[in-house]
Amino acid sequence: MTGDHDWIGLALNGARPRAVAALYRYFRDVDLAEEAFQEACLRALRTWPDKGPPRDPVAWLILVGRNTGVDTLRKRSRLVPLPSEDLLSDTEDAETDVVERLDTSHFRDDILRLLFTCCHPDLPATQQIAVALRVVSGLSVPQIARAFLVSEAALEQRITRAKARIAKSGASFEPPDAIERAERLGAVMVMIYLVFNEGYSAGQRAHGAALCVEAIRLGRLLLGLFPSEPELMGLLALMVLQHSRRDARFDAEGAPVLLDDQDRKLWDRVAIAEGLAMMDKAMRHGRPGPYQVQAAIAALHARAGAPEATDWGQIDLLYGTLERMQPSPVVTLNRAVAVSKTRGAIAALELIEPLAGPLANYFYFHGLRGLLLTETDRRDEAREALGRAIALAGTPAEAAHIRKHLDALDAEARSRRFRYP
Amino acid sequence: MLYAILCYNDETVVGTWSEAEDRKVMDDLMAVQKPLAEAGKLGPVARLLPTTAATTLRKTAGEPLVLDGPFAETKEQFLGFYVVDCETLDEVVTIVRDLARANPGTGSYEIRPVSFFNPGSATP
């Protein structure tokens, strides 16, 4: 045990999702559950340094949180005065009782309910993510605001609005049946991947990485509760494999580095091992799904020691499978990259021509089309596509990347004119 | 005599360590191991991935069952181990105290004398 008490902070963070979820079941009110947990944490910070940590910190926090929450409710109705702190914190005997009742199946539905409450279909995706990060993960408002690049006031408002919506709609506290549970799990997985992508697409900013880490943590928490769900294994594998490249994805100036150009020595080998192990486990179930297929694609990249070693034929097939499971122009666009590697730029161009309508305003469509046109020597069209991509770029780094290709195209054209006047 | 030091902790808490915190703990643990290695007292050391990556094979009357997850649901999970060569149990306890100091928070260590040992030849 270290001399300072930072271990208490770590223990409280680790306990948070399970404790808040149980308190939510008890009080049926997200705000009250959060407040009660907060109060329990304050008491932990006061008593744990002297008494040492309780045998089961989660059960301790739930019990103390429940007592303080009941107090809050009593105070609100001005019925009885607040009991002394000694009485509330002296939980030695009661703890055993609570521990016995808090078996995994209880936690499972509690945590699923809390997460599912956050992804209420009436809430826009950004609000779902913000509420989940605040309530379940316990990230602070400034932390979340930095990750979203919005002001703290705006984020505070976003969370307040979302919570009001949740309170009005009322979650179901009946134990879910198997179908409901599966539906909730599906919605929660989508939300967790949204959190991850919010961080992943945020680029090099450290706060973006924090969201990825949080999403992975939530994925692990959920898989611990549903250990035999192959799609959950797929989701966790997908996130872990993508996150394994975090140190290689950007150069010193913060510009994105393409997969082919990344220094693979910077990839996190432990994370890759975890992702591959998860995929092996998932495959044994023989129940493929979209997350598993995407993870399998990420795994093929992770297994390749060098870009030339990438099994593009297999990736082409997997994107084909994904297209059948979840038809989307973006998936087809991704398949086109694999096709360009196996069958050449002309075949890839044929594949993406029909996407010109649906992806008219999509940066990556025009970027890829520009590169493919460059390869096939259709220079004027390439120039136009690359120009369009620059106009649609979401970040200066994206624009700069395409600009490099455009400049190369122009430079080559100039040298040609020079050589063949 | 060889002893195994088996490490248990709540993996959800270990999972909340930031990358920097994790690195610091690993560095501190390495500092404990270094003199042991130099004295020829340190055997294999392993840190395990989370139990979400675990698979269990359980023997049955017929074909063994292959199941997802760890063998048992427990509050603290088996997260890694050391093998050390020590003269006395007191010496092992001293080492484990040092390891415990380098590792923040809760958790426990089980010290078990080794009955059979094969150092193996796998080189990852």
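Chain naming here is simple, since letters A, B, ... match the order of the sequence lines and numbering starts at 1 in each. For the numbers below, each heavy atom of this structure counts, side chains included, while hydrogens, waters and symmetry mates do not.
Residues from residues 32-45 of chain B never place a non-hydrogen atom less than 4.5 Å from a non-hydrogen atom of chain A. Within residues 279-288 of chain A, the residues having any heavy atom under 4.5 Å from a heavy atom of chain B are, by residue number, A:Lys281, A:Arg284, A:His285. At a heavy-atom separation below 4.5 angstrom, chain A is approached by B:Thr16, B:Trp17, B:Glu19, B:Glu21 within residues 16-24 of chain B. Of all residues spanning residues 263-275 of chain A, those with a heavy atom less than 4.5 Å away from chain B's heavy atoms are A:Val270, A:Ala273, A:Glu274, arranged by number.
Under a cut-off of 6.0 angstrom, the local environment of CZ in B:Phe117 is crowded, with over 12 non-hydrogen atoms contributed by other residues, nucleotides or ligands. Other residues, nucleotides and ligands contribute over 12 non-hydrogen atoms within 6.0 Å of the CE atom of B:Met1.
To the nearest 0.5 angstrom, A:Asn13 atom CG is 10.5 Å from B:Thr12 atom OG1. Distance check, rounded to the nearest 0.5 Å: OG1 of B:Thr106 to CZ of A:Arg55 gives 13.0 Å. The distance from atom CD of A:Glu229 to atom CG of B:Asp68, rounded to the nearest 0.5 Å, is 9.5 Å. Rounding to the nearest 0.5 Å gives a distance of 11.0 Å between CG of A:Leu222 and OG1 of B:Thr52.
Heavy-atom distances place no part of B:Asp28 under 4.5 Å from chain A, backbone and side chain included. Heavy atoms closer than 4.5 Å to chain B are found in the side chain of A:Arg217, but not in its backbone.
The most heavy-atom pairs under 4.5 Å with chain B, out of A:Ser228, A:Pro17, A:Gly219, come from A:Ser228.
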